[in-house]
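Values below: every heavy atom of this structure, side chains too, minus hydrogens, waters and symmetry copies. In this text, all values refer to a predicted model and were calculated from it rather than measured experimentally.
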Amino acid sequence: MAVNKNALIRYKTIDKCLQNNFRQWTLNDLIEAVSDALYEYEGKNIDVSKRTVQLDLQMMRSDKLGYNAPIVVYDRKYYKYEDESYSITNSPISNQDLSKLSEAVSFLKQFQGFSHFEELGSMVQKLEDHVYTQKTQEKSLIDFEKNENLKGLRFLDRLYQFILKKQAIEITYQSFKARQESSFVFYPYLLKEFRNRWFIVGRRRKNEGIMNLALDRIISIKKSSKAFVTDLNFNSEDFYKHAIGVSVSPNLEPETVLLYVNHKQAPYILTKPFHHSQKEVSRDNYGVTISLNVQLNFELEKEILGLGEGVKVIAPERLKRNIKERLYDAVDAYETEINDKNLRTIAKRLEYKGFGILNHVYTKRDIRKLKARLDNYIKNNNEQAFGMREVLNKMPELKDILFNKNFKKLIKSIDRDVFLTKAIYFDKSPKDNWYVTWHQDVPINVSEKIETEGFSSWTNKKGVISVCPPEEISKNTFSMRIHLDDTTVKNGALKVIPGSHNKRLIDEEIKLITTNSIPFVSEVASGGVQLIKPLLLHASSKAEVQRRRRVLHLEFSSIPLPNGLEYAEREIL
């Protein structure tokens, strides 16, 4: 039985309504929904009568279209599906339709092989396979790539209609980077699929460039009352001619990209090229060099990274540098995994030896961010780079980087009740060659000067009030030195005397111990940390090589101060 387009729109609209179990649907509600849908698709008011919708419900209930929809009436006025999971889109194809589809497939197969019908190939195979499975009730013989859970596919048909009719739309959209959704008018020109994700291509304003929006980030769409803005210069073939994927910069010239693909991956790249501009430049016993004439974009990098060690970028240098950096970051993600065994080991070492070293706590990306933000702050605020105190009070944005998952796991493995008491930034520039002799770290910083029994040696240096607390507080304190540069014995690494942290020493005892002990030199890689008990004897060695060495020094305690004293920088973690 022939079904016209309007009838199909009505059936689909009624089906969507009855699938919505969060609302009760009267006959008038269905009439209104159908009228709105027809107006949206046709762009004009179509008078839908009560009898038309009643006949539609009857047709959907019947076997004439193969729907057999389980539509029931309850409370004498509301319509719903008796089976809440039912939808006409899940209905099997009728035998009559199967026969027609079989004829259509046979007809289309005659054109396969002709250049004008190359794009029909996969569609014909899909149809043929679907007809076969419906007829025989057997499993599919072809498994096409699909992503049934991909969001936004429900917008495909409506967006197609908007493009076809040249209608402006109002989109509510939230990108992955946006904190909240936003609504705006959009003029759609093209639907584009890449790697099983769909995008709508168009522009937001007349004078703005072409942009793409991912369908899975669209929240809602509706027709806009604004007139459609046509772009006569937009040609999809020309627009994407020099790009892989959907990211295109109209003013960016394509570049020659040279890739060396090893012999294991070469057959896959040669038989399924990255891009239509791909050419083989040379080959040897180990692989093939290919060239591409493309824009440098995110999708190109993703394709290269997808081959892992199987491909190497030869040119251009900027792309080569980006790929190397991303590969280093990928390795970093594995290197910075801290297991429970490592945490137990460093906690015991800190307790019995007075220090411990753990490399790969922060990724290289984290370290780059910390360096950049610290350098910018010092430059813009004319701050003293060496010994900048209260650094986290001055730069609270550093906390998001510093207090990461590894940091919290490490701190809590030592003492679950600790809080931050001090933060200092040390920046030893290449022109400096300072070093510190053997000593113990005793003073703590407080917010104001209060006379308290047991606390001695009050000092006030550069506006910072420091006191010497009793040993009980010192023993329940530890420091974390976060290294932003590689620290070796040649550029002034810290020397420590293991086990010297159990009591406060006088000058004669310090001289005796350091003269008769072999110190441990704390070499720490960038991104690593060194934990130190404050009474541990330590000194910085004199640098042999003038290299920059930046360190963030954080102190922690779990004991509050008595009699009104407060840590100057106390912060709960």
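Within 6.0 Å of atom OH in Tyr328, 12 or fewer heavy atoms from other residues, nucleotides or ligands are found, so the atom counts as exposed in its surroundings. Residue Lys353 qualifies as open at atom NZ: its count of foreign heavy atoms under 6.0 Å is 12 or below. In the displayed structure, Arg217 atom CZ is contacted under 6.0 Å by more than 12 heavy atoms of other residues, nucleotides or ligands. Crowding of Lys279 atom NZ: a count of heavy atoms from other residues, nucleotides or ligands under 6.0 Å not exceeding 12.
Sorted by first then second residue, the salt bridge (charged side-chain N to carboxylate O under 4.0 Å, His left out) pairs that include residues 308-318, not counting sequence neighbours, are Glu255-Arg318.
The residues Glu303 and Arg195 are annotated as salt-bridged, a charged nitrogen and a carboxylate oxygen being separated by less than 4.0 angstrom. Ion pairing between a basic and an acidic side chain is recognised when a charged N comes within 4.0 Å of a carboxylate O; Arg550 and Asp486 show no such pairing.
Taking the side chain to side chain donor-acceptor pair (under 3.5 Å) definition, one finds that Glu335 meets it with nothing, sequence neighbours left out. For Lys364, the salt bridge (charged side-chain N to carboxylate O under 4.0 Å, His left out) criterion is met by Asp332, not counting sequence neighbours. Annotation: salt bridge (charged side-chain N to carboxylate O under 4.0 Å, His left out) contacts of Arg349 (sequence neighbours excluded): none. With sequence neighbours excluded, the residues forming a side chain to side chain contact (heavy atoms under 4.5 Å, CB included) with Pro560 are Arg570, listed by chain and number.
Residues Phe556 and Val418 share a closest heavy-atom pair of CB-CB, 4.3 Å.
With hydrogens and angles ignored, the 3.5 Å screen pairs no side-chain donor or acceptor of Tyr567 with any backbone N or O of Leu561.
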Which atom pairs, donor and acceptor, lie under 3.5 Å between side-chain atoms of residues 506-528 and protein residues at least two apart or in another chain?
unit_1, atom_1, unit_2, atom_2, d
Glu509, OE1, Ile506, N, 3.0
Glu509, OE2, Lys503, NZ, 3.3
Thr514, OG1, Ile510, O, 2.8
Thr514, OG1, Lys511, O, 3.3
Thr515, OG1, Lys511, O, 2.6
Asn516, ND2, Leu512, O, 2.8
Ser517, OG, Ile513, O, 2.6
Ser522, OG, Leu494, O, 3.3
Ser522, OG, Gln530, NE2, 2.5
Glu523, OE2, Val489, N, 2.9
Ser526, OG, Leu484, O, 3.2

